Structure formats: C-alpha cells, structure tokens
Amino acid sequence: MNTKHSRMASPPDVPIDPATRLALYRKMMEVRALEKRAYDLFLQNLIKGTSHLALGQEAIAAAFGVAMREDDYTFCTYRGHAHTLVRGASMTGVLGELMGRECGLMAGKGGSMHLTSVPHGAMGSYAIVGAHLPIAAGAAWSAQYRGTEQAAVCFFGDGTTNIGAFHEALNFAAVWKLPVVFVCENNLYMEYTPIGAVTAVEHPAADRASAYGLEPLIVDGNDVEAMFKVAQTTLARARAGQGPSLIEAKTYRHSGHSRADPAKYRPAEEVAAWMRRDPIKLYREKLLQQGVEEAAISKIEASVAAEVDQATEAAKASSVPEESIAMTEVWANGDWSWRN
Amino acid sequence: MNTKHSRMASPPDVPIDPATRLALYRKMMEVRALEKRAYDLFLQNLIKGTSHLALGQEAIAAAFGVAMREDDYTFCTYRGHAHTLVRGASMTGVLGELMGRECGLMAGKGGSMHLTSVPHGAMGSYAIVGAHLPIAAGAAWSAQYRGTEQAAVCFFGDGTTNIGAFHEALNFAAVWKLPVVFVCENNLYMEYTPIGAVTAVEHPAADRASAYGLEPLIVDGNDVEAMFKVAQTTLARARAGQGPSLIEAKTYRHSGHSRADPAKYRPAEEVAAWMRRDPIKLYREKLLQQGVEEAAISKIEASVAAEVDQATEAAKASSVPEESIAMTEVWANGDWSWRN
Amino acid sequence: MAELTYRDAVAAAIAQEMARDPSVVFLGEDIAAAGGVFKATVGLLDRFGPTRVRDTPISEQALIGAAMGAAMTGLKPIAEIMFSDFLAVCWDIIANQIAKTRYMTNGQVTMPLVIRTANGAGSRFGAQHSQSLENWAMTVPGLKVVAPATPADVVGLMAAAVRDPDPVLFFEHKSLYATKGPVPEGEWVDQLGKAKVLRIGDDVTIVALAAMVPKALAAADRLAEQHGVTATVVDVRSLVPLDTQTILREVARTGRLVTVEENPRLCGWGAEIASIASQELFYDLDGPILRVTTPHVPLPAADNLEDHVIPSVERIVREVLQAYD
Amino acid sequence: MAELTYRDAVAAAIAQEMARDPSVVFLGEDIAAAGGVFKATVGLLDRFGPTRVRDTPISEQALIGAAMGAAMTGLKPIAEIMFSDFLAVCWDIIANQIAKTRYMTNGQVTMPLVIRTANGAGSRFGAQHSQSLENWAMTVPGLKVVAPATPADVVGLMAAAVRDPDPVLFFEHKSLYATKGPVPEGEWVDQLGKAKVLRIGDDVTIVALAAMVPKALAAADRLAEQHGVTATVVDVRSLVPLDTQTILREVARTGRLVTVEENPRLCGWGAEIASIASQELFYDLDGPILRVTTPHVPLPAADNLEDHVIPSVERIVREVLQAYD
Ligand SMILES: Cc1ncc(C[n+]2csc(CCOP(=O)(O)OP(=O)(O)O)c2C)c(N)n1
Ligand SMILES: Cc1ncc(C[n+]2csc(CCOP(=O)(O)OP(=O)(O)O)c2C)c(N)n1
Ligand SMILES: [Mg+2]
Ligand SMILES: [Mg+2]
C-alpha cells in the first residue's frame with residue numbers, strides 16, 4: 001500500500017501509549033455496540049425511516065475521535081452515527097434521535113441522517129452526497145481566519161469522489177491552504193454498485209490527490225493504530241498551516257448500505273475475507289499480544305454494553321417530541337413565520 | 001512541454017499536405033477577421049449585450065475545424081464564435097446573431113454567447129461555466145450507442161477546470177469510454193484572475209488528467225500544426241473506441257475577457273511576449289519558409305476580407321427579428337403555451 | 001385491467017417504451033443491477049441489456065448532462081434522479097440548459113427526454129429526502145411537469161412523456177410506490193396536460209396532486225358524510241401544460257376552490273392556480289380561495305412531526321369547513 | 001444625503017458592515033482584485049485586505065459551501081454569485097444545506113450569511129444571464145429574500161441582511177446598477193420584512209419589486225395623467241419575510257391588486273401574493289387580481305425581443321386598463 005508521507009508534517013514515530021490504545025479500543029466498541037443496537041431497534045420497529053450503519057468501519061471514526069482536539073470540527077454523512085458518537089455525543093442523544101424522541105440530539109427534527117452535536121464539535125451529518133466537503137472547508141477557513149489552530153475533519157465515502165462538490169472543495173481547500181482533513185472511507189461500494197464500475201481510477205480518492213497538489217495517502221482503515229497515526233500527522237499538518245490532506249482509508253461495511261439493503265450483490269468470499277479483518281477483532285488480538293490484560297479489555301466491553309443498555313432504556317423512556325416543535329427553529333429567533 | 005502520447009492512437013507522422021496547410025491558415029484568418037469585425041461593430045454600437053472574442057486563440061478552433069468530420073459534434077462556450085465558424089456556419093449568420101438580426105443563426109434569440117448551427121454540427125455555445133462538458137459527453141454517448149464513429153469535441157477555458165461539472169464529465173466519459181475530446185484552452189486567465197491564483201496545480205487540465213486515467217496532453221495552442229496533429233490523434237482515438245482525451249492547449253487572448261474588459265490586470269511584458277507568438281503571424285512565416293507562395297497567402301487574406309465585408313453588409317441589411325418570434329420555439333410544436 | 005403497484009407500474013411503463021423504440025435508453029444511479037433503491041426498475045437490465053440500461057457514478061450533473069447531449073443527437077433518454085431533493089445538484093443542467101436550449105437555438109435543437117424522480121414525504125427520511133419540488137420545475141419555462149397519483153397514470157403519463165419531444169420532469173411519489181391499482185392491458189398511453197375529475201360535487205372544488213389526491217378524496221368523502229358538503233375533486237396530474245379548462249370549469253361550477261399541496265406554502269403550484277382563478281373567475285367565485293399546504297418549514301424526521309406538518313385528511317376537512325362556514 | 005449609484009451603494013454597504021464587524025468577510029469570483037464584473041465591489045480589497053476580501057476559483061459550490069461552514073463557526077460571510085442564473089450550480093448548498101441546517105439541528109446551528117447576486121434582464125445577455133429568480137429562493141423555507149430597488153435600500157437592506165442571524169439572498173438588479181439616488185449619511189441600517197408605499201392612490205394597488213418598481217411608478221403616473229386612474233404603488237423589497245400587513249392594507253383600501261413581476265409567470269412571487277389576497281381579502285376586492293409578468297418563456301437576447309417580453313410601462317398601463325375597464 002502506498003503510504004507516502006513526504007509532504008506531511010513529520011509523523012510522530014513515538015509508540016502509542018497504553019491509555020490511548022485502550023481509548024481507541026473503547027471508541028471502536030462504543031460505535032460497534034451503538035450500531036448493533038440501532039440495528040436491533042430497527043427490527044423492533046422502534047426506528048423508522050432509514051439508517052446507515054458503520055459496522056466494520058469503526059476504526060476510522062474511533063482513531064479520529066481520539067486524535068482530534070476538543071474544539072476541532074467534524075463533518076460527516078448519513079453514515080455518521082460513528083463520527084458523531086466518537087466526539088462525545090451521548091448514546092442516548094444518538095439513539096433518541098434515531099427513534100424520534102424528545103431526548104434525541106435534535107429532538108427528532110433531523111433524524112438518523114443528520115446527527116449533529118455542536119457542543120462536541122460534531123457540526124452535522126449531511127445526506128446529499130458531496131455537499132459537506134465545501135462546508136467543512138468553510139469551517140476550516142473560519143478557523144484559519146480566527147487563528148485558532150482548529151482543524152476540520154470531513155468523512156465521506158468512495159462514491160462521493162465522483163461528484164462535483166468533491167473536486168471543488170479539494171481544489172478550494174488546497175489553494176487557500178485550509179486546515180481540513182478529508183477522509184474517504186473506501187468501503188468498495190457506492191450503495192449497491194462496486195466503486196470500480198463507476199470510477200476511472202483504482203483508488204478513488206488517492207488517485208485524485210495529485211490533481212490538487214496533494215500526496216496520495218492510502219491507509220488500512222481497519223487498522224486503528226495506522227488510522228490514528230495518519231490522523232495525528234494530517235491534523236498536525238492542518239494546524240501548522242500546511243493545508244489540507246486527503247486520506248483514503250480502505251475498509252468494508254459488514255451490513256448493507258442502509259436498512260433496506262440485504263447486500264446480496266457482494267461476493268460471499270469478499271464478505272468473509274473482510275469479516276476476518278474486522279477492525280475490532282484485529283485490535284483485540286493485537287492488544288492481547290502486546291500484553292494488555294484481557295480483564296482491562298473485558299472491562300471496557302462490559303462498560304460499553306452497560307452504557308448502550310442504559311441509553312436504550314433512556315431513549316425508550318423519552319417521550320415523542322411535542323408536535324409544536326415542528327414549527328420552531330426555522331429562524332434564529334426560534335420562529336418559523338414568513339410574514340407579518 | 002509534456003506531450004506524451006503513450007496511450008493515444010498512433011499519431012499520424014505523415015507531413016501535413018499543402019492543401020490542408022492552407023485550409024488551416026484560412027480558418028485562422030476567418031476567425032481573426034470575424035472577431036475583429038465583431039469588435040468594430042461593438043464600437044459602432046451595432047452589437048449590444050456582451051461578447052467574448054477569440055483573438056489570439058484562433059489556432060485551436062481552426063485546427064479542429066479542419067480535422068473534424070462533417071458529422072462530428074462541437075460544444076463550446078460563450079467564447080464560441082470561432083468554434084462555430086470553423087464548422088462551416090456562415091459569417092452572416094454569426095455576425096447577424098451578434099447584432100440581433102433576423103439573419104442570425106438563431107434569429108437573435110440566443111445572442112453572442114449561444115451560437116449554434118446544428119446543420120454544421122455546432123451543437124451550441126454554453127454560457128454557464130462547465131455545463132457543456134457533460135452535455136458533450138452525452139452526444140458522444142449517443143454516437144457510441146448508435147455506432148456512428150462520430151466524435152464530440154468540447155472546448156472550454158482554464159478556469160473551467162475548477163468547477164464540479166468538469167470533474168463529473170471527465171470521470172463519466174472515461175468510465176463509459178466515450179468518443180469525446182475535451183479541449184482546455186488555457187489562456188492563463190479566468191476572467192480577470194490569473195489561473196494560478198485559484199488552481200492547486202500548475203497545468204489546470206493536464207495535471208488533472210491522471211485523476212481520470214488519462215494521459216496529460218499539453219500542446220502549444222498557438223502552433224496550428226501541433227494542434228492539428230493532436231486533434232487528429234485524439235479524434236482517431238475516439239473513433240477507435242478508446243475513449244476520451246483531455247488536451248491542454250496553451251494560448252493567450254489578445255483582448256480582454258469580454259467587451260467590458262480593457263484587461264489592465266495583465267503585465268505588459270506578458271502581453272507583448274504573447275503578441276510576438278500570434279498564431280497567425282507565426283504560421284504565415286512558417287508557410288513562407290516552407291515555400292508557400294506569398295500570393296497564395298494573400299489570396300486567402302483578400303478572400304476572407306471580402307467575405308467578412310460581405311457578411312457585415314448582409315447582416316446590417318437584415319432586419320431586426322419580428323417581435324412575435326420571442327413567443328415561439330419553447331416547445332417542439334413551435335408554441336410557448338403552458339396551458340389550454 | 002391488470003392490478004399493478006405504482007412501483008411496478010414504473011418498470012412496466014419504461015419497458016413498454018423501450019420495447020417499442022430502440023432510441024429509448026435509461027440511466028441513473030443503482031437503477032440497473034440493483035433495480036433502483038425503490039425497486040421501481042427491477043428487471044429492466046435483464047430485459048434490455050447494459051447498453052440501454054446503465055448505472056452511473058454519483059454524478060448527477062454528468063448523468064443529466066449526458067441525457068441532454070443524447071437527446072440532442074437522436075436518443076430519447078430517461079434519466080433517474082434518485083430523490084427529487086437531488087435535483088438541486090444538477091439544477092443548472094435542468095433549468096438553464098435543458099429547458100432553454102430549444103428556445104435559444106430558435107428550434108434547432110429538440111430535447112426529448114424524461115427525468116424521473118422520487119418525490120415527497122411520508123417516509124421519515126428527513127428534510128433532505130422528502131421534499132415536494134414540483135414547483136421548482138414549474139418556475140422554469142421550457143420544462144413540462146407531471147406527477148401521477150395512480151399506477152395507471154404512471155404508465156400512461158410515462159409513455160406520453162417518453163413520446164413527447166420536449167423535456168418532461170416526472171415526479172413519482174415515494175409514499176405511493178406500494179399502492180395498487182388497475183392498469184389497462186396492452187399498450188397504454190395517456191396525454192400530458194389533462195387533469196382528471198375524480199369525483200363530482202356542488203359545493204367546492206378541491207384540486208390536488210400526487211399523494212394529496214387520495215387524501216383529497218378521503219376528505220371529500222368525509223365532508224359529504226359528516227358535514228353535508230359535496231366536493232368535486234380534480235387530480236391536476238400535469239402542472240405544465242396545465243389543464244386550466246378543466247380546473248376553471250369545475251371551480252366556476254362549484255364557486256369555490258381549495259388547493260391541497262404537499263409543498264411548503266410559498267410559490268407552490270396552488271398559488272399559480274389560485275392566481276389564475278382569482279383573475280379569470282373573479283365574478284364566479286362565491287368565497288375565498290383556500291390553500292392547504294405544508295407550512296413553510298423544512299421537513300422534520302420524526303414520524304409524529306412529519307405527520308403533523310403534511311396535510312392530513314383531518315386538516316383538509318377542518319380547513320375547508322373553517323373557510324366556508 | 002449623499003447621491004450614490006446603486007452600484008456604488010453595494011460597495012458602500014459592504015464597507016460599512018466590514019468596518020463595523022471584523023467577523024464579516026467577503027468572497028466571490030473576481031470580486032477582489034478586479035472589483036467585480038459589475039464594478040460593484042471596487043475598493044474593498046484595498047481597504048480590508050486579502051484575508052477579508054477573497055477571490056475564489058470558479059467553484060460556486062465550494063464558495064457557497066465555504067460561506068456556510070464559516071457562518072456556522074463564527075464568521076458572517078457575504079458571498080457573491082456573479083449572476084443569479086448561476087445559483088443553479090450551487091442550488092443544493094443553498095436550498096438543501098444552508099436553508100435547512102438550523103431547523104434540522106433544532107437550532108444548534110446559526111447561519112448568518114448573505115448571498116448577493118446580480119439578477120434580472122435588460123442587458124441583452126440572453127437566457128442564461130438575465131433571469132429574475134427571486135421565486136426560486138422564495139420556494140425554500142429557511143431563506144430570507146430581499147431585492148432592493150434604490151441605492152438607499154441597497155445600503156439599508158444589505159446592512160440589515162449582514163446583521164441578520166439567518167441566511168439572506170440579496171438580489172441586486174443589473175439594470176439598476178447605473179441608477180442614482182440619495183442615501184442617508186452615516187451608518188444606515190434598514191429592516192428586513194418591510195414593504196414601502198411609494199405613492200398613494202385610490203383605484204388600484206400596484207405591487208412591484210426591483211427593476212419593476214420604477215416602471216410601476218411610471219405606469220402609475222401615466223394612469224393618473226392620461227386615464228384618471230390613481231394607483232398606490234408598493235415596493236415589496238423583502239419577499240421573505242413578507243410584509244403582508246402593508247400590502248393587504250393597501251389592497252383592501254383600493255379594492256384592487258396588480259402585481260408587476262419580471263419573472264416568467266408560473267409560480268412567481270406575485271402568485272403567492274395573489275393567493276394570499278384572494279383568500280384573506282376576498283370580500284374587500286372590487287375586481288379580479290391581475291398579474292403582469294414576463295410571459296413563461298426563456299429570455300431572448302436581441303434587444304427588441306428582450307424589450308418585448310419584459311413588462312414595460314406601456315404594458316402595465318394597458319393591462320391595468322383592460323382588467324379594470
Ligand atoms: C447527490 C446524491 N446522489 C445520490 C444520493 C443517494 N445516495 C446516498 S448514499 C449513496 C452512496 C454513497 O456511497 P459512498 O460515498 O461510497 O458512501 P457509503 O454509503 O459507502 O459510506 C448514494 C448514491 C445522495 N444522497 N446524494
Ligand atoms: C458557473 C459560472 N460561474 C461564473 C461564470 C462567469 N464567468 C464567465 S466566463 C468566466 C471565466 C472563465 O474562464 P475560462 O474557463 O478560463 O475561460 P475563458 O473565458 O478564459 O475562455 C467566468 C468566471 C459563469 N459564466 N458560470
Ligand atoms: Mg462506499
Ligand atoms: Mg481562461
């Protein structure tokens with residue numbers, strides 16, 4: 001795999017400390033537990049509409065969740081439960097939003113595809129492919145203008161690299177040297193279509209990097225430590241005023257594109273091979289090899305399981321939103337009125 | 001200059017025959033004469049609205065005009081008088097359209113920025129940057145589907161390479177292997193802004209080619225024979241089913257972006273250097289060196305001058321369009337009605 | 001008459017036209033191998049093959065632009081925009097290029113294409129996947145605009161749209177995909193620009209579109225049964241061309257007009273019809289013109305909130321009674 | 001009072017707000033070094049420097065998206081879209097993102113930004129550079145929509161728009177750039193959502209916007225002088241929020257309503273106002289509501305053709321007399 005870093009801020013070659021390793025593992029577990037629960041709640045018809053899970057892709061969000069500064073900005077897609085959660089949004093807020101409850105992050109007004117938690121820097125989930133790349137660039141511009149050394153991180157899929165907004169945002173961010181990290185989660189499919197069938201190059205993001213004067217960065221998206229390192233270097237580059245980065249993280253989703261999709265279009269061997277490369281399984285084995293006590297790992301797992309159970313109960317107990325809130329917050333004065 | 005042709009249909013290394021050389025010269029002269037006349041008619045207030053001249057950029061259009069098959073398709077921009085004329089549209093039709101006369105190619109309904117002559121394969125001039133790239137791809141798709149070995153040629157500027165439609169069209173055309181030639185006329189400016197100030201790479205088109213699996217093709221756009229050769233090879237590649245090409249032709253406009261623009265933002269030395277590289281002057285010298293009789297050249301020049309004079313008179317003599325045509329041809333039945 | 005779902009009617013209509021005319025081609029995202037995210041195009045790839053039924057990248061500008069270029073040069077493309085909300089990402093190609101090119105070229109170019117798209121609310125998909133955007137298309141001269149409410153109209157109007165030499169925006173309603181209805185056997189082609197009177201009453205004319213049609217009918221039933229108010233219900237079906245003859249005739253007869261629009265209020269199609277009626281039927285009207293619309297807010301995701309804002313049968317009944325009591 | 005052109009008023013307004021508030025930034029194509037293609041932003045780069053006044057690539061989605069991201073994180077961007085027709089290339093960011101994000105996040109996000117754009121016909125620029133597209137913005141809940149007719153309103157409404165915490169689409173009319181008018185000295189801030197009664201008459205209320213305002217005034221003069229018809233003329237100024245109080249009051253007083261719209265007819269802002277009046281003032285109206293609009297066709301380039309389709313003073317007078325004679 002191509003992992004040239006030549007134009008990057010020097011990568012920290014210090015080993016990842018034990019606490020950080022457990023933090024990475026915990027974040028992945030949190031996402032896994034939340035997404036599995038979301039899946040169950042669907043089957044129980046407690047989540048309506050649609051939902052796009054990140055099962056199998058946890059390492060990418062988790063690594064950035066740990067690497068980012070508290071005041072950094074995250075922009076993500078409809079497949080954004082993970083990216084929102086790892087910034088510190090509550091499980092109750094996330095599950096509540098999926099279930100359309102008052103306790104939801106947006107009290108049910110946004111829904112699964114639009115999770116947002118501004119207090120945690122989770123600046124929104126965007127459901128029209130490509131739109132949030134320029135928006136993330138704008139937040140980075142604002143950070144640059146205000147001189148805060150904040151960075152913006154923008155997550156999107158392989159399919160997104162073929163839409164116009166991708167191109168505009170990358171060029172714009174490069175020309176203005178904006179502190180933004182673009183993270184392509186290449187899970188090999190745009191919905192039901194293999195990315196190779198609709199893309200002129202092999203690596204949909206990395207093979208486009210040079211079109212914006214950027215280095216190609218391909219990372220194993222199922223290796224949480226590799227992801228953590230590239231997160232650190234690209235964030236450092238952003239804060240140092242060296243401009244944007246474009247990361248292509250190779251990964252795979254365990255379930256279908258969305259609720260409605262049994263994912264029958266994927267070859268069984270392909271699925272099996274990637275299931276063997278489950279990022280959580282891999283990292284658990286690695287941690288044990290590295291001498292981390294199994295008890296420490298189990299404790300995390302138990303704690304996360306308890307957290308998600310608790311959040312589920314809290315969300316179930318929360319009432320549905322008052323109908324009146326459908327008519328609020330169109331405008332900053334809280335109102336919706338368009339006339340006097 | 002980088003002129004790799006490795007993925008191209010083998011370039012015809014046969015010398016260009018004398019008749020073709022004179023045809024190239026004539027096409028360039030026609031464009032030059034027409035554009036100069038357009039400029040004069042402006043000063044006389046006989047052309048209203050705006051107008052974008054191709055003075056200095058004649059070689060590119062001329063080369064393709066000679067190289068293209070009669071049934072090929074041209075798609076161009078508001079700076080499209082040249083590309084329309086070289087396909088065989090009449091000078092009277094072009095000048096008439098600029099002047100808003102009945103004899104105009106579109107009887108005054110389109111204007112300077114939208115010249116179209118379907119009988120000549122000039123499928124339209126598009127005035128919103130980027131839009132015509134996917135449209136040209138669509139015409140190429142149609143040719144591919146119908147099995148006609150027609151090609152579509154799409155002209156646009158350097159500034160156009162930063163808009164989303166550019167990216168989408170290039171990827172789409174590459175994936176579908178469409179018979180379309182994208183020709184970027186890099187005249188160093190997007191309107192009043194130097195292209196380098198808004199683009200992440202040095203060569204706005206060529207440095208993006210690899211993002212679509214294409215070879216970078218940089219050509220001296222003021223060398224009409226070089227342009228003719230690259231036109232031939234890329235058209236051959238299209239007809240052979242080998243897919244799209246992306247050409248970056250380096251050139252320079254002699255006048256401002258449009259009627260309103262004195263082009264004061266360009267360094268005097270830069271302008272002077274490019275004026276010395278006037279494509280018509282260069283080619284005239286070359287033809288003489290190659291032993292073409294000056295008389296043959298002068299004959300072309302005189303004939304073109306007469307043609308443009310005649311066209312000017314014809315356009316002036318043409319009446320303004322009947323007001324009633326403002327209410328026709330919204331629909332294919334000739335009508336405009338939206339209700340019964 | 002065959003019973004078809006609205007969903008299956010889409011595939012049936014496209015198949016009918018593709019079988020008839022080899023210049024009809026179909027492109028869009030996930031429409032071929034996957035049969036569409038709404039499963040409305042299942043079977044077309046198998047039947048017509050990958051040169052006529054083509055999956056595209058996520059590149060709406062490219063795919064709609066390609067449809068335009070193909071339409072200008074001899075093909076009759078049908079292009080899918082998966083959700084009507086995504087019309088916004090290719091709006092330039094639709095509104096500025098497709099709509100205007102025939103006119104600008106003074107008729108040199110013909111633009112026989114259909115853009116079909118899943119429109120409307122009711123699926124709890126939130127603000128970016130639920131809009132009713134027929135009025136966006138209606139604002140643009142040069143576009144025809146159709147929105148069927150029944151499986152028969154899906155087939156008949158799609159066939160008419162494909163055969164029409166002008167660009168047609170074809171709005172399918174997501175919440176109708178699962179509904180069933182009779183469709184004529186054999187080749188079935190309807191006509192653009194014809195509204196349908198679905199129910200005759202004397203007191204008020206309710207004009208509705210797409211998913212609001214069944215609601216208007218239910219409201220009319222309830223008004224008759226519970227309140228003794230008899231309503232004519234007109235399904236507009238085609239916004240451009242607009243069948244003002246039928247609509248105005250019914251409004252003149254009943255003396256009252258109510259539009260039921262799923263779109264947020266401002267500049268909805270109902271405003272246009274109201275302005276026509278208020279100009280041309282001023283002396284025939286017995287009472288104010290009423291518009292029942294989604295309030296002018298983005299759409300919420302939670303089910304109870306979504307249900308609250310979209311016009312319901314109850315709300316239609318209530319507002320009609322308030323206006324005319 | 002200083003005399004300013006509408007063009008210079010734009011730069012003056014932006015300068016006033018940038019001088020006051022360091023979080024105001026300005027971006028667009030050719031707006032900085034070149035001072036804008038309409039020369040409406042000359043001097044801003046020199047005065048405020050290249051970190052606050054920035055030229056962008058031809059990337060409308062990027063620049064409007066950047067404005068949105070900046071607005072969400074503490075800045076107050078003013079973004080230029082050179083011609084309003086180009087709103088179509090970034091319509092997703094405007095209509096689906098900027099407009100809806102506050103609502104979807106239940107108020108977590110505030111969106112203080114202004115998109116200013118050159119709108120309208122009269123310059124012989126043809127179908128893709130001449131449209132009047134205020135109604136596109138009006139169809140989208142979450143956008144405020146302003147269209148000034150005078151230099152004073154350019155300054156006052158721009159200042160109000162910049163200070164407004166919500167996204168405002170600010171439509172400047174190309175054919176007004178060269179017009180002159182008085183502008184208050186010192187800091188001048190107006191209010192969004194207020195229409196202006198420019199002339200009082202008793203027989204009819206003419207409601208107009210932007211370049212149609214001077215035409216409506218001229219028509220009113222002619223109606224009075226030559227036909228003894230006295231007209232109230234209202235400049236709407238702000239379509240969202242809409243000052244229905246002022247408009248309906250004047251319509252109720254005169255008993256008649258005429259809208260004068262530069263947009264092509266279908267779903268223009270006049271349709272919305274007509275539908276409101278036909279519902280709320282039904283019993284106050286003395287005659288049919290009339291809409292004078294550009295016919296529903298793309299715009300032609302030739303000068304005589306363009307003049308033929310855009311509402312003229314003559315046409316306003318003629319149609320008003322026909323309707324009410
Ligand atoms: C502009 C636009 N076109 C189409 C869609 C429908 N759609 C939603 S997700 C998706 C696939 C996206 O693929 P990718 O970028 O690889 O992300 P992934 O879902 O794999 O994470 C598509 C086509 C959309 N939301 N927006
Ligand atoms: C989408 C869009 N944005 C902006 C414009 C305004 N505009 C017209 S020409 C132009 C510059 C184009 O530069 P380039 O592509 O280099 O072509 P050139 O004019 O140099 O031939 C701009 C910004 C436009 N027409 N369309
Ligand atoms: Mg993917
Ligand atoms: Mg240029």
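Fair warning: this is a prediction, and the values are worked out from it, not measured in the lab. Labels below follow one simple rule: chain letters A, B, ... track the order of the sequence lines, proteins then strands, and each chain is numbered from 1.
Neither the backbone nor the side chain of B:A143 comes within contact range of chain C; no heavy atoms are under 4.5 Å apart. Residue C:L143 touches chain B through its backbone alone, counting heavy-atom pairs closer than 4.5 Å. Within the 4.5 angstrom heavy-atom criterion, no atom of C:V89 approaches chain B. Within the 4.5 angstrom heavy-atom criterion, atoms from both the backbone and the side chain of C:D243 approach chain B. Contacts of B:V175 with chain C are absent, with no heavy-atom separation under 4.5 Å from either backbone or side chain. Residue contact with chain B, scored on non-hydrogen atoms closer than 4.5 Å, involves the side chain of C:L27 exclusively. With a 4.5 Å cut-off on non-hydrogen atoms, C:Q245 touches chain B through its backbone and its side chain both. Contacts between B:Q144 and chain C at a heavy-atom distance below 4.5 Å involve the side chain alone, from C-beta outward. For a residue to count as touching a neighbouring chain, one of its non-hydrogen atoms must lie under 4.5 Å from one of that chain's; by this rule B:A169 touches chain C with the backbone only. For chain B, the nearby part of C:I276 is the side chain; its heavy atoms alone come within less than 4.5 Å. There is no contact between B:W336 and chain C, counting heavy-atom distances below 4.5 Å.
Salt-bridge formation is not detected for the pair C:D153/C:K194: no Lys NZ or Arg NE/NH1/NH2 atom is positioned less than 4.0 Å from an Asp or Glu carboxylate oxygen. Under 4.0 Å is where a charged nitrogen must lie from a carboxylate oxygen, and between B:K109 and B:E329 no such pair does. With respect to B:D71 and B:R69, a salt bridge is recorded, a charged nitrogen being found less than 4.0 Å from a carboxylate O.
Taking the six-membered ring where the residue is Trp, the centroids of B:H132 and B:F155 are separated by 6.0 Å or more. Aromatic ring centres of B:W141 and B:Y145: separated by at least 6.0 Å.
With 3.5 Å as the limit, one finds a donor-acceptor pair spanning the side chains of C:R102 and C:T110. For the residue pair B:E185 and B:H83, a side-chain donor N or O sits within less than 3.5 Å of a side-chain acceptor on the partner.
Interatomic distance, B:F182 CZ to B:L214 CG, rounded to the nearest 0.5 Å: 9.0 Å. The distance from the OG1 atom of B:T161 to the CG atom of B:L246 is 9.0 Å, given to the nearest 0.5 Å.
Put simply, of C:E60, C:K144, C:R54, C:K100, the one with the most heavy-atom pairs under 4.5 Å next to chain B is C:R54. Between chain C and the options B:G164, B:A140, B:S117, B:A107, the largest number of non-hydrogen pairs under 4.5 Å is found for B:S117. Of the listed residues (C:C90, C:G142, C:A71), the one with the most heavy-atom contacts under 4.5 Å to chain B is C:G142. For the options B:A152, B:G334, B:A165, heavy-atom pairs under 4.5 Å to chain C are most numerous at B:A165. Counting heavy-atom pairs closer than 4.5 Å to chain C, the top residue among B:S337, B:S142, B:G110, B:P119 is B:S142.
Scanning both residues, C:V240 and B:W331, for their nearest heavy atoms gives CG1-CZ2, 3.9 Å.
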